A.B. asks: 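There's a structure below that I have some questions on.
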Amino acid sequence: MNFKEHLTQYPVLDIVAAASKELGVESYIIGGFVRDLILKRNSKDIDIVSIGSGIELAELVASRLGPDVFVSVYKSFGTAQIRQGGLEIEFVGARKESYRADSRKPAVEDGTLSDDQNRRDFTINAMGISLNHGTFGDLIDPFEGMRDLRKKIIRTPLEPEITFSDDPLRMMRAIRFASQLNFDIEPDTFDAIVKMKERIEIVSMERISDELNKIILSPVPSYGFKLLFHAGILAIIFPEMIELQGVENIEGKGHKDNFYHTLQVLDNVSQNTDDLWLRWAAILHDIAKPATKKFDKRIGWSFHNHEEVGARMVPVIFRRMKLPLNEKMRFVKKLVRLHLRPIVLSKEQITDSAMRRLLVEAGEDIEALMKLCRADITSKNPEKVKRFLGNFDLVEQKLKDLEERDKLRNFQPVITGEMIMETFGLKPAKEVGIIKEAIREAILEGIIPNEYQPAYDFMVKEGEKMGLTVQ
């Protein structure tokens, strides 16, 4: 099979071929770009394997492309990278890799094209395309990766124990590709993952989280999580999520399986957003239910305050999993803490005061919160889901009306602490905080608008109650 016509849309590959000929080396495209070309998926990353020095080839290609093309060289890895026309092209010499049982870093040595393909993770990623004179565009497929693409199968090129022993992260990559492409994992390959799952413990958490995030961003992420669960890997990398699994029954009363509920919420929210951190909020929204689970003979099971306990768990989980501790973590924490609020409002008589408080606390994240809450409506009874979603429509319309009228997003009272101190001639004191909080509550309760003169008059009255006079 020849892909010469498909490669014409990438003129840089002709330059790579010419540079290879000048250096007297063979070069090949290999890996994900070949896979995606066959699957008709867009790919901006091209891996070039040279049977020689990848760095030398990259430097010659860059010189042919012009003086403005910069080569990033990584000598310790024997690789070089060029950015050209929206593409990232990485060059590497063909090599062998092997890992010691207790090491995360491979021993690397020069090799042949066959050696390089042998070290690849899966058959669908081990296919190559020749860039050499006389065979330009020819497919090199020693492990029948094309057949596995047609059958939608993830399979290792060598015995799976060898492939996974070399780099245990490949166990998660198998699940990630299955989840992204909606492929099956070949039985022997999956059995090897189950058998070797503990090997994942030598992999850095940064690499694990990177693969996990890619699973979370797949079209139906629950598929990847179920594979992780049944392989036994999820219990190692994310034990808090495993705690959600299972149903406990006492006196004939049981609660829902919060693991599978969480996966349903994740899939639901994934239909409406590609935001990784909103998807993380879906994963963590009920994470504290095991810690807050209680049984009462009268009412059955409860998970009181799980939203607050869950919010406190978010930074702990993010820190352990080497996820960012910046505004992304704070966004997830906020949504976990607030995720019950709109649901409660949809069940009760809606008051302007409760709506204002929700708008103030959610701020710019109100739309994301509502997406999460809609996704959290899961039931086997479609009429029940329809009824709840109808109530949510009312809540959202009320929120929009209040926001347009009161401009509460990123709310701050017009009267500041400094203004209170200046008005009454005070130094920093508890009276300032009391008056400031009274003004805030009055605005949220709709007693006064968030405008200067009404708020000033209210401040003066509150001060007079405390024996303060305007200076």
Side-chain angles (χ1 to χ4, degrees), residues 1-23 25-50 52-75 77-94 116 120-122 124-132 136-140 145-146 149 173 176-177 179-182 206-207 209-211 213-219 270 273-277 279 324 328:
M1 187 174 291
N2 188 281
F3 289 88
K4 185 175 182 178
E5 289 187 11
H6 295 81
L7 302 183
T8 56
Q9 60 184 305
Y10 305 99
V12 68
L13 296 177
D14 289 323
I15 296 174
V16 174
S20 300
K21 185 176 180 181
E22 181 176 329
L23 291 172
V25 299
E26 295 178 1
S27 61
Y28 303 85
I29 312 169
I30 199 161
F33 181 84
V34 179
R35 176 199 69 229
D36 289 341
L37 188 70
I38 297 168
L39 290 174
K40 296 181 172 58
R41 298 172 82 222
N42 289 329
S43 181
K44 298 296 183 182
D45 300 324
I46 303 178
D47 291 337
I48 305 291
V49 169
S50 168
S53 171
I55 294 174
E56 188 178 358
L57 178 59
E59 290 172 339
L60 182 55
V61 170
S63 69
R64 295 279 186 91
L65 289 170
D68 296 331
V69 177
F70 178 74
V71 182
S72 301
V73 176
Y74 309 94
K75 285 189 176 180
F77 295 100
T79 64
Q81 188 182 77
I82 293 173
R83 296 176 186 270
Q84 171 69 18
L87 297 171
E88 289 189 6
I89 309 165
E90 185 166 296
F91 298 80
V92 64
D116 200 273
R120 298 285 163 169
D121 50 10
F122 308 110
I124 63 171
N125 295 334
M127 295 180 289
I129 295 177
S130 171
L131 296 178
N132 305 304
F136 187 90
D138 282 358
L139 179 69
I140 299 99
M146 179 68 84
L149 278 181
R173 282 171 60 82
R176 186 251 290 186
F177 282 120
S179 191
Q180 286 179 329
L181 301 174
N182 193 27
E206 288 88 349
R207 294 181 73 208
S209 291
D210 185 55
E211 287 299 323
N213 283 340
K214 290 174 182 176
I215 291 170
I216 292 168
L217 286 172
S218 59
S270 298
T273 182
D274 291 327
D275 186 327
L276 172 63
W277 308 109
R279 293 187 182 199
K328 295 179 176 67

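Worth knowing before you read on, the calculation uses all heavy atoms, side chains too, and leaves out hydrogens, waters and symmetry mates. It should be emphasised that the depicted structure is a prediction, and the values quoted were computed from it without experimental measurement.
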A.B. asks: How long is the gap from CG on Leu217 to CG on Asp274, to the nearest 0.5 Å?
C.D. replies: 7.0 Å
A.B. asks: Search all heavy atoms of Val25 against all heavy atoms of Ser50 and return the closest pair with its distance.
C.D. replies: CG2-OG, 3.7 Å
A.B. asks: Taking the side chain as every heavy atom from C-beta outward, state whether Leu39 and Ile124 have any pair of such atoms under 4.5 Å apart.
C.D. replies: no
A.B. asks: Please round to the nearest 0.5 Å and tell me the distance separating atom CG of Asp138 and atom CG of Asn132.
C.D. replies: 9.5 Å
A.B. asks: Report yes if the side chains of Met127 and Arg120 come closer than 4.5 Å at any heavy-atom pair, otherwise no.
C.D. replies: no
A.B. asks: Any side-chain to backbone donor/acceptor pair from Asn2 onto Leu139? Under 3.5 Å, distance only.
C.D. replies: no
A.B. asks: Is the shortest heavy-atom distance from the side chain of Val73 to the side chain of Glu59 under 4.5 Å?
C.D. replies: yes
A.B. asks: Which pair of non-hydrogen atoms, one from Ile55 and one from Thr79, has the smallest distance, and what is that distance?
C.D. replies: CG1-O, 3.7 Å
A.B. asks: Give, for atom NZ of Lys40 and atom CG of Leu37, the distance between the pair rounded to the nearest 0.5 Å.
C.D. replies: 8.5 Å
A.B. asks: With respect to Ser20, which candidate in Leu57, Leu60, Ile15, Val61 satisfies the side chain to side chain contact (heavy atoms under 4.5 Å, CB included) definition?
C.D. replies: Leu57
A.B. asks: When you measure from the side chain of Arg279 to the backbone N and O of Thr273, does any donor-acceptor pair fall under 3.5 Å?
C.D. replies: yes
A.B. asks: Contact between Gln81 and Glu88 at the side-chain level, heavy atoms closer than 4.5 Å - yes or no?
C.D. replies: yes
A.B. asks: Step through the shown structure and confirm whether more than 12 heavy atoms of other residues, nucleotides or ligands are within 6.0 Å of CD on Glu5.
C.D. replies: no
A.B. asks: Is Phe33 close to Ile129 at the side-chain level, that is, under 4.5 Å between some pair of heavy atoms?
C.D. replies: no
A.B. asks: Where is the tightest heavy-atom contact between Ser130 and Tyr28, given as atom of each residue plus distance?
C.D. replies: CA-CD2, 3.5 Å
A.B. asks: Should the pair Glu211-Arg173 be classified as a salt bridge under the 4.0 Å nitrogen-to-oxygen rule?
C.D. replies: yes
A.B. asks: Hey, are Arg176 and Ser218 close enough side-chain-wise for a donor-acceptor pair under 3.5 Å?
C.D. replies: no
A.B. asks: Tell me the closest heavy-atom pair linking Ser27 and Ile48, and the distance in Å.
C.D. replies: CB-CG2, 4.1 Å
A.B. asks: Would you mind reporting whether Phe177 and Asp121 have side-chain heavy atoms less than 4.5 Å apart?
C.D. replies: yes
A.B. asks: How close do Val12 and Gln84 get, counting heavy atoms only, and between which atoms?
C.D. replies: CG2-CG, 4.4 Å
A.B. asks: Could you grab the distance from atom CG of Leu13 to atom CZ of Phe3, nearest 0.5 Å is fine?
C.D. replies: 13.5 Å
A.B. asks: Any non-hydrogen side-chain atom of Ile29 less than 4.5 Å from a side-chain atom of Asp47?
C.D. replies: no
A.B. asks: Counting C-beta onward and ignoring hydrogens, is there a side-chain heavy-atom pair between Ile216 and Asn213 closer than 4.5 Å?
C.D. replies: yes
A.B. asks: Can you tell me how far apart CD (Glu90) and CZ (Arg83) are? Round to the nearest 0.5 Å.
C.D. replies: 10.5 Å
A.B. asks: For Asp116 versus Ala94, what's the shortest heavy-atom pair and its separation?
C.D. replies: OD2-CA, 3.6 Å
A.B. asks: Apply side-chain contact (heavy atoms from CB on, under 4.5 Å) to the pair Leu131 and Leu7, showing each step before the final yes or no.
C.D. replies: CA-CA 10 Å; Leu131 296 178; Leu7 302 183; 4.2 Å; yes
A.B. asks: Among Asp45, Ile46, Ile82, whose side chain to side chain contact (heavy atoms under 4.5 Å, CB included) with Leu87 holds?
C.D. replies: Ile46
